[in-house]
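All residue numbers refer to positions in the sequence shown, counting from 1.
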Amino acid sequence: AEHIEKQYTEHWVTAFEKLLVAKGLLSKDEVDLLAPFPASTEEKNVKPRFTHGDNIKVRDVEPVGHAHLPVYLRGKRGTIERTLGGFRFPDADQPGTAEGQREMYSVRFAAREVWGPDASGRDSLFFNIWDHYLDPD
């Protein structure tokens, strides 16, 4: 859990640093002088299965433990918008769960795919999903 909290914090600090520069409160050089997070010691051995534009289908599974997979997306089709990188899977320490990092993707779903034919044809929903919840479509 400590590693996940560190990753979460790193993302927020990075966003905050960018905002400080964008608003002119600090220069890029001043931000670079701030104490950086130590480099991760985890091996980055994750290879993405999907790339931008790939069509996917979300597996219709009931995850055990940490389930960052909403019921309303299970079995739905979407498109990979971007690869977010490898992250330590929260349940990697659970019995029967593979250890290490897993790839995460930002997936775009048409609103009608998720909410049905009454949804706007112009709207989309974006959701970050772990690799092992996705199949090629």
Atom pair [atom1] ([X]) and [atom2] ([Y]), whose distance is rounded to the nearest 0.5 Å:
{"X": "Leu125", "Y": "Trp115", "atom1": "CG", "atom2": "CH2", "result": "6.5 Å"}
{"X": "Arg82", "Y": "Met104", "atom1": "CZ", "atom2": "CE", "result": "11.5 Å"}
{"X": "Thr79", "Y": "Tyr105", "atom1": "OG1", "atom2": "OH", "result": "14.0 Å"}
{"X": "Ile56", "Y": "Asp137", "atom1": "CD1", "atom2": "CG", "result": "7.5 Å"}
{"X": "Phe109", "Y": "Ile129", "atom1": "CZ", "atom2": "CD1", "result": "4.0 Å"}
{"X": "Lys28", "Y": "Glu17", "atom1": "NZ", "atom2": "CD", "result": "8.0 Å"}

Show the nearest heavy-atom pair for residues [X] and [Y], with the distance to one decimal.
{"X": "Ser120", "Y": "Ala111", "result": "O-CB, 3.7 Å"}
{"X": "Glu103", "Y": "Gly86", "result": "OE1-N, 3.8 Å"}
{"X": "Ser106", "Y": "Phe126", "result": "OG-CD2, 4.1 Å"}
{"X": "Leu134", "Y": "Ile80", "result": "CD1-CD1, 4.1 Å"}
{"X": "Arg74", "Y": "Leu69", "result": "NH2-O, 2.8 Å"}
{"X": "Phe50", "Y": "Thr83", "result": "O-OG1, 3.6 Å"}

Verdict with supporting geometry, Arg77 and Glu113, salt bridge (Lys or Arg N to Asp or Glu O under 4.0 Å): CA-CA 7 Å; Arg77 289 177 165 79; Glu113 173 71 13; 5.1 Å; no
Flag, side chain of Arg59 to backbone of Asp135, donor-acceptor distance under 3.5 Å: no
Any donor-acceptor N/O pair, Glu81 side chain to Val107 backbone, under 3.5 Å: no
Verify same cluster id: Phe16, Val21 (apolar side-chain graph, 4.5 Å): yes
Validation row: Val61, Tyr133 side chains within 4.5 angstrom (heavy atoms): yes
NZ/Lys76: more than 12 non-hydrogen atoms of other groups inside 6.0 Å: yes
